[in-house]
Amino acid sequence: MSKRIEIKKILTTEPKGQTVTVMGWIRAFRSKRFIALNDGTTFNNLQVVVDFEEYDDDFLKKLSFHACIKVTGALVESQGAGQRVEVLARDIELLGENNLEEYPLQPKRQTMEFLRSHANYRMRTNTFNAVFKIRHGLAFAVHKFYNDNGFYYMNTPIITGNDAEGAGEMFRVTTLDAKNPPLTEEGEVDFTQDFFGKSTNLTVSGQLQGEIGALALGKIYTFGPTFRAENSNTTRHLSEFWMIEPEVAFMDLEGNMDLAESFIKYLINHAMNHYPEELAFLDKRIQDAEKNMKKEERRPMGLLDTLRFVVDNDFERITYTEAVRLLQNSKPYKKGRFEFPVEWGTDLQAEHERWLVEKKFGKPVIVTDYPKDFKAFYMRLNDDGKTVAAMDVLFPYIGEVIGGAQREDRFDVLKNRMNEMGVDEEELGWYLDLRKFGGAPHAGFGLGFERMVQFVTGMTNIRDVIPFPRAPRLADF
RNA sequence: GCCUCUUUAGCUCAGCUGGUUAGAGCGCCGGACUGUUAAUCCGUAGGUCCUAGGUUCAAGUCCUAGAAGGGGCGCCA
């Protein structure tokens, strides 16, 4: 394997007839003479020219779609118009045959639904190649951004003993016999006999533990898997997803917004700078798909234009109270087009958020200072006693990408809020104690990584931006 | 969880107001051709019309229930 050259490198190498060895998968074999070879390093293919008189027909038949080969030959300038260089094959070795009578993929456009049901093969397509390279790039950029800004990467537990985080339904982690669990005298399942000696779940957020880190290291971020057992059937929810949660001491809501905005812009810039080919491919893919759609169903801007626009413009920042006022003065409100009511004290619905983002401002919007009644117990109570220092970052097409807040750092106020909202004080005693022993003002947020990948790649279904999606009734591979 | 649409060949789909042997393109397989670019040309094979009931002389087509999938909503990231 030592002499193998990556196709990405070969395509930019000066052809002088030098001998090269390449390995890859066949994308097409045309005229019994031309192989389009791809090794995943770029989605441009290398043309391999085969002298078919040198091989018997049985061998040539095995050079089929997605079969894997090793080719040694001379790198020369291409005679054809479609590419700059090509390899004149001197030796072809079949590394892996492909049985096309059973293989589901075909050398043509396939639907996302079909590819989703063959997730073990879909990474071989150009679209998923591009998506997962960009996903990698964004993950790398997350670490680079925080590292370069003095944050420490903190790993919060995936199995937690907290039952009271309130971020959603949880998956139980247990080794007890589901058919015959030990019972207490009251007839309940006796989790004291379980593996951890208590009831445990998969985490729904690393935030609460992240606060511990922030109040010691100053600035931390988490980036790990997160689990929600909600029966959500939408294009933007997963049961298992990755979340980035920075938490910063001595930062207020204003600083939190600044951090969120600069972070998102950094991620998008990184993708545009490092994955221009992939983004251009995805941009064209969306345009092609939209050709058959009605005008009002198409995006107002192409993918690349949208990304540039987000990076070049300040996010709009408004309070919840202002948002309600704007919505009540909006055309759809006055014409009764909204399905849900708009009045101070009820949460904004997707239709309201979309109007703000897509119609009113035409750019990302940060809504702050929501009524305390439908926000989490840990968000800092504002002086008005009615609202909390929360923020939601709303994006076009995908809605909420970030939810965050300045945290309640006053012991008594937090204790009251926990009691008000029925949060178990015993269970989260350690969290409350952070305010008792050297507490500090601090803030943070959670970014849904897949939603970010969705936005940058323009993929319409979140299940297509994670290699093996988990969702209700879906846990293949 | 709610609403809605869909389910016919390996894939994408057609199949009229119910009426002979269910079709097309692509793919596969076989053949021809050979400087191609989603190569081209010819040919063969391939179907539990999602499942179970029902209506009818007759059901891919109509009705009921269920399953799976898409989209929208809610919950949220």
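Every heavy atom of this structure was used, including side-chain atoms; hydrogens, water molecules and symmetry mates were not. First the proteins, then the strands, lettered A, B, ... as listed; each starts at 1.
- Ion pairing between Glu97(A) and Lys62(A) holds under the 4.0 Å rule for side-chain N and carboxylate O.
- Both Gln349(A) and Asn231(A) lie near RNA chain B, and the one whose nearest nucleotide falls closer to the 5' end is Asn231(A).
- Side-chain rings of Phe223(A) and Phe449(A) approach one another, their centers coming within less than 6.0 Å.
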Under 4.0 Å protein heavy-atom contact, by nucleotide of nucleotides 35-43 of chain B - B base, S sugar-phosphate only: BBB-B----
Audit row: Glu211(A), Tyr431(A), side-chain hydrogen bond (donor to acceptor under 3.5 Å, both in side chains) steps and yes/no: CA-CA 8 Å; Glu211(A) 289 182 42; Tyr431(A) 183 74; 2.7 Å; yes
Base-pair map of RNA chain B as dot-bracket, where | denotes pairing with a different strand and pairs are Watson-Crick or G-U under 3.5 Å: (((((((..((((.....[...))))..((((.......))))......(((((..]....))))))))))))....
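- Asn98(A) places its CG atom 16 Å from the P atom of G27(B), with the value rounded to the nearest Å.
- Contact check on Arg407(A) versus Glu247(A) returns a salt bridge, with a Lys/Arg side-chain nitrogen under 4.0 Å from an Asp/Glu carboxylate oxygen.
- Ring orientation note: the planes of Phe445(A) and Phe263(A) are tilted relative to one another, at an angle of 30° to 60°.
- The pair Lys375(A)-Asp392(A) counts as a salt bridge, with a side-chain nitrogen and a carboxylate oxygen less than 4.0 angstrom apart.
- Among the heavy atoms of the strands, none lies under 4.0 Å from Phe445(A).
- Salt bridge annotation for Arg451(A)-Glu400(A): absent, with no cationic side-chain nitrogen under 4.0 angstrom from a carboxylate oxygen.
- Residue side chain Ser232(A) does not reach the base of C76(B) through any donor-acceptor N/O pair under 3.5 Å, judged by distance alone.
- Backbone-only contact: Thr111(A) has heavy atoms under 4.0 Å from sugar-phosphate atoms and none from a base.
- The pair Arg135(A)-Glu450(A) meets the salt-bridge criterion, with a side-chain N (NZ, NE, NH1 or NH2) lying under 4.0 Å from an Asp/Glu carboxylate O.
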Audit row: Thr226(A), Glu240(A), side-chain hydrogen bond (donor to acceptor under 3.5 Å, both in side chains) steps and yes/no: CA-CA 6 Å; Thr226(A) 312; Glu240(A) 176 183 294; over 6 Å; no
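- By the 4.0 Å N-to-carboxylate-O rule, Asp51(A) lies too far from Arg33(A) to be salt-bridged with it.
- Nucleic acid contact class of Phe114(A) (heavy atoms, under 4.0 Å, all strands): sugar-phosphate only.
- The one candidate from Met23(A), Glu6(A), Lys8(A) that meets the side-chain contact (heavy atoms from CB on, under 4.5 Å) condition with Asp39(A) is Glu6(A).
- Among the protein residues, Lys61(A) comes within range of the sugar-phosphate backbone only, with heavy atoms under 4.0 Å from sugar or phosphate atoms but none that close to a base.
- Distance CD (Glu450(A)) to C1' (A77(B)): 9 Å, rounded to an integer number of Å.
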Contacts under 3.5 Å, N or O only, protein and nucleotides 69-72 of chain B:
unit_1 : atom_1 : unit_2    : atom_2 : d
G69(B) : OP2    : Arg473(A) : NE     : 3.3
G70(B) : OP1    : Arg116(A) : NH1    : 2.9
G71(B) : OP1    : Asn461(A) : ND2    : 3.1
G71(B) : OP2    : Asn461(A) : ND2    : 3.1
G72(B) : OP2    : Thr235(A) : OG1    : 3.3

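- Using a 4.0 Å heavy-atom cutoff across all strands shown, Ile244(A) reaches no nucleic acid atom at all.
- Of the candidates C26(B), A77(B), U34(B), the closest approach to any side-chain atom of Phe52(A) belongs to U34(B).
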